[in-house]
Student: 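Once you've had a glance at the structure underneath, I'll fire off some questions.
The shown structure was predicted, so the numbers you read here are calculated from the model rather than taken from an experiment. When a ligand or atom number is given, it counts from 1 through the structure's own listing order.
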Amino acid sequence: MNNPLIELRNVSFTAQGNRIVEGVSLKFAEGTATALAGPSGGGKSTVLKLAAGILVPDRGEVRYRGQNIAAFTWGQNLDFRKETAVVFQDSALWANQTLYQTLELPLSIHYPLMSGKEREQRIREVVSEVGYRRDLMVRPALLSIGEQKLIGFARAMLCRPAVLFLDEWTESLDDEAGGRLVSLARRFKSEGNTLIFISHDFDLVSNLSDCVIMINGGKVSANVSREELIRNTKVAGIIEEGMNE
Ligand SMILES: Nc1ncnc2c1ncn2[C@@H]1O[C@H](COP(=O)(O)OP(=O)(O)OP(=O)(O)O)[C@@H](O)[C@H]1O
Ligand SMILES: [Mg+2]
């Protein structure tokens, strides 16, 4: 991979004295889908947040389009935030804001010239795409975990990102709602965008990803292409087992 869109170079991350991610080097190519898989507590969410610039590594660097994101100017950081979006494992909606306010914020930051009416139109559009049909003028505590996931996904799609980071985005959803969010992710990728996702669902991982990266004990334990996963049943077995350890 010559010019990766995102690259982690020897990245480590420590929290409360514990080394959670150690010496991880990874490349994500533009227009591809990469799955991060592995056992619970292995460090997947932490690696995803490091790649998305949500967490700052204490060693190594994360590069976006060849530039260290820690050295971004204010303007570059704003562009990076507009081009990338994250669906967090716990949805991470604003507890003390209505859903509407939560959804309006990214639009008012990234499209400051948009009128209130245009913002409302875009919000209604993404909310309908994810299949959320209830009131937007409520706080997230009134929503089920699955409904929070829908709003988290809608928020990520609002500003039409080029890179989506999805952390177990179909968890807690029924088949219909989960299927819809998988289709939206698939469509996003088919439009030439870049997807980096975490899932414990082996079928989803093998269907949607071009490449699977196993994270275990805060390190990369395997990096397997989709072709290899399909062709080599032994490798597929090891990956499937490793996802459920
Ligand atoms: N801020 C933090 N402070 C202390 N420990 C943390 C912190 N963040 C993560 N950890 C620990 O680091 C390890 C990896 O966490 P992480 O959330 O990245 O795992 P994961 O692979 O996403 O797991 P899961 O599949 O359960 O979501 C866990 O043991 C977790 O408790
Ligand atoms: Mg996680």
Student: Quick check on contacts: which atoms of ligand 1 are under 4.0 angstrom from a heavy atom of Pro39?
Tutor: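 Contacts of ligand 1 toward Pro39, numbered from 1: 21 (O).
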Student: Any N/O of Gly43 closer than 3.5 Å to an N/O of ligand 1?
Tutor: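 N/O-N/O distance below 3.5 Å exists for this pair.
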Student: Heavy-atom contact under 4.0 Å between Ile20 and ligand 1?
Tutor: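 Distance cut 4.0 Å: Ile20 passes for ligand 1.
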Student: Report, in ascending order of atom number, the atoms of ligand 1 lying under 4.0 Å from any heavy atom of Glu168.
Tutor: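 Listed by number with element, the hits are 25 (O), 27 (O).
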Student: Honestly curious: do Val220 and Phe13 fall in one hydrophobic cluster under the side-chain, below-4.5 Å linking rule?
Tutor: yes
Student: Mind listing the protein N/O/S atoms less than 2.8 Å away from the Mg ion (ligand 2)? Waters don't count.
Tutor: Ser45 OG, Gln89 OE1
Student: Dump the intermediate steps for side chain to side chain contact (heavy atoms under 4.5 Å, CB included) on Asp135 and Leu99, then the final yes or no.
Tutor: CA-CA 8 Å; Asp135 194 1; Leu99 306 178; over 6 Å; no
Student: When only distance counts, is Lys44 in polar contact with ligand 1, meaning an N/O pair under 3.5 Å?
Tutor: yes
Student: Within a distance under 4.0 Å of any heavy atom of His200, pick out the atoms of ligand 1 and give their elements.
Tutor: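 What qualifies from ligand 1 is 25 (O).
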Student: Protein non-hydrogen atoms only, distance under 4.0 Å: does atom 31 (O) of ligand 1 have such a neighbour?
Tutor: no
Student: Distance under 4.0 Å to a non-hydrogen atom of Gln16: what atoms of ligand 1 satisfy this?
Tutor: 3 (N), 4 (C)
Student: Please could you name the atoms of ligand 1 that Thr46 approaches to less than 4.0 Å, counting only its heavy atoms?
Tutor: 15 (O), 16 (P), 18 (O)
Student: Is it possible for you to say whether Leu195 and Ile6 belong to one hydrophobic cluster, with membership spreading through side-chain heavy-atom contacts below 4.5 Å?
Tutor: no
Student: Determine, using heavy atoms of Lys49 and all atoms of ligand 1, whether some pair is separated by less than 4.0 Å.
Tutor: no
Student: Quick one: do Arg81 and Glu83 make a salt bridge, cutoff under 4.0 Å?
Tutor: no
Student: So which protein heavy atom does atom 27 (O) of ligand 1 come closest to, and at what separation?
Tutor: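 Answer for atom 27 (O) of ligand 1: Gln89 NE2, 2.8 Å.
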Student: Taking only non-hydrogen atoms of Gly42, do any sit less than 4.0 angstrom from ligand 1?
Tutor: yes
Student: Would you find a donor on one side and an acceptor on the other, under 3.5 Å apart, between the side chain of Thr98 and the backbone of Val138?
Tutor: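 Side chain of Thr98 to backbone of Val138, a donor-acceptor pair under 3.5 Å: no, none is there.
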Student: When you measure from atom 17 (O) of ligand 1 to every protein heavy atom, which one gives the shortest distance, and what is it?
Tutor: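 Minimum-distance protein heavy atom for atom 17 (O) of ligand 1 reads Ser45 CB, 3.7 Å.
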Student: Is any side-chain N of the basic residue among Lys189 and Glu191 closer than 4.0 Å to the acidic one's carboxylate O?
Tutor: no
Student: Under a 4.0 Å threshold between the charged nitrogen and the carboxylate oxygen, would Glu125 count as salt-bridged to Arg122?
Tutor: yes
Student: Do the numbers put Lys82 on top of the ring of Tyr111, so that NZ or CZ is under 6.0 Å from the six-membered ring centre and no more than 45° off the axis?
Tutor: yes
Student: Could you verify whether a donor N or O on one side chain and an acceptor N or O on the other, from Ser45 and Asp167, lie under 3.5 Å apart?
Tutor: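 Present: a donor and an acceptor within the cut-off.
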Student: Considering Gly41, Gly38, Ala15 one by one, which has a heavy atom nearer to atom 29 (O) of ligand 1 than any of the others?
Tutor: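 The nearest heavy atom belongs to Gly41.
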Student: Ignoring hydrogens and angles, tell me if any N or O in the side chain of Asn216 forms a donor-acceptor pair with the backbone of Gly38 under 3.5 Å.
Tutor: no
Student: Are Arg19 and Glu22 close enough for a salt bridge, meaning some N to O gap below 4.0 Å?
Tutor: yes
Student: Under 4.0 Å, counting heavy atoms only: does Gly218 come that close to any atom of ligand 1?
Tutor: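 For ligand 1, residue contact (heavy atoms, under 4.0 Å) with Gly218 is absent.
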Student: Please check this pair: side chain of Thr194 against backbone of Glu30, looking for a donor-acceptor N/O pair closer than 3.5 Å.
Tutor: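 Not a single qualifying donor-acceptor pair exists.
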